[in-house]
Amino acid sequence: MAEPAPEFVEAVLSVVAAIPEGKAMAYGDVAAAIGSRAPRGVGQVMAYYGGEVAWWRVVRASGHPPADHEREALERFRAEGTPLLWSRDGGSFRVDLDAARHVPE
DNA sequence: GTCGTGACAGTAG
DNA sequence: ACTACTGCCACGA
């Protein structure tokens, strides 16, 4: 599998690590924060090095958590008090980026 | 230099 | 709410 370049990885991890508790960022926002436009590249890094960072604070532009990881993410969000928007039946949720969006310097 | 892949984004229906 | 399509960038082969 394709292992991302250390520089790009370091840049992504740095941004993700800078997200405070109760906050969140979209993949596109992270990419923009490092001066790139590769939300997919960010996803690649998370897939390999996500175990060393708060990957749950990185969600899609719609606020949906990463695929196959929403259960883990939910526990983190619930523990950190991240603003969540639940569906009417409570079967699914999404992060309220309007309130939880972290704006890097 | 080209192709396939990906924890994506945005728009259209 | 959903699916489908296109566009984007980064990486390994």
Side-chain angles (χ1 to χ4, degrees):
Chain A
M1 294 285 281
E3 301 175 27
E7 289 185 346
F8 191 77
V9 174
E10 187 176 357
V12 173
L13 296 180
S14 180
V15 174
V16 176
I19 305 176
E21 293 186 5
K23 292 289 185 176
M25 288 182 70
Y27 289 94
D29 290 339
V30 176
I34 65 179
S36 284
R37 294 170 40 191
R40 310 190 64 162
V42 175
Q44 277 290 288
V45 175
M46 300 304 290
Y48 282 84
Y49 296 83
E52 301 183 18
V53 289
W55 54 266
W56 54 89
R57 293 177 191 158
V58 184
V59 296
R60 297 193 185 188
S62 300
H64 290 286
D68 301 326
H69 291 281
E70 61 178 88
R71 199 191 89 86
E72 289 292 316
L74 175 58
E75 295 185 34
R76 304 295 182 177
F77 293 142
R78 199 177 51 173
E80 296 183 0
T82 304
L84 299 178
L85 298 175
W86 287 82
S87 297
R88 189 167 58 80
D89 58 5
S92 62
F93 68 95
R94 70 181 180 86
V95 178
D96 184 1
L97 291 177
D98 288 329
R101 179 168 173 260
H102 170 59
V103 182
E105 315 169 22

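Just so it is clear: chains get the letters A, B, ... in the order the sequence lines come, proteins before strands, and each one is counted from 1. Only this structure's heavy atoms are used, side chains among them; waters, hydrogens and symmetry mates stay out.
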Requested in this report: Take A:Trp56 and A:Ile19 through the test side chain to side chain contact (heavy atoms under 4.5 Å, CB included) and record every step on the way to the result.
Outcome: CA-CA 11 Å; A:Trp56 54 89; A:Ile19 305 176; over 6 Å; no
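Between the P atom of C:dA10 and the CZ atom of A:Arg40 lies a distance of 13 Å, rounded to the nearest Å. Rounded to whole angstrom, the span from the OH atom of A:Tyr49 across to the P atom of C:dC11 amounts to 11 Å. Atom NE2 in A:His64 sits roughly 13 Å away from atom C1' in B:dC8 (whole-Å rounding). Rounded to a whole Å, the CZ atom of A:Phe8 is 10 Å from the C1' atom of C:dC11.
Side-chain proximity of A:Ala47 to B:dA7, C:dC11, B:dG10: nearest is B:dA7. Each of B:dA7, C:dG7, B:dG10 was ranked by its minimum atom distance to the side chain of A:Met46; first place goes to B:dA7.
Checked for salt-bridge contact, A:Glu75 and A:Arg71 meet the test: a charged N lies under 4.0 Å from a carboxylate O.
Pairs engaging residues 18-40 of chain A under the side chain to side chain donor-acceptor pair (under 3.5 Å) rule: A:Asp29-A:Arg101 [sequence neighbours left out].
Contacts of A:Ala67 with the nucleic acid, taken as non-hydrogen atoms under 4.0 Å apart, are absent.
Side chains of A:Glu72 and A:Trp55: a donor-acceptor N/O pair is absent below 3.5 angstrom, by distance only.
Taking only side-chain nitrogens and oxygens, A:Arg60 comes nearer than 4.0 Å to OP1 or OP2 of B:dC8.
Comparing the same atom, P, in B:dA12 and in C:dC8 gives a spacing of 15 Å after rounding to whole Å.
Of the residues in residues 12-37 of chain A, those placing a heavy atom less than 4.0 Å from an atom of DNA chain C are A:Ser36, A:Arg37, in numerical order.
Two residues are said to be in side-chain contact when any heavy atoms from C-beta on lie closer than 4.5 Å; A:Leu85 and A:Val95 fail this criterion.
Partner of A:Val16 under the side chain to side chain contact (heavy atoms under 4.5 Å, CB included) criterion, out of A:Arg57, A:Met46, A:Glu52, A:His102: A:Met46 alone.
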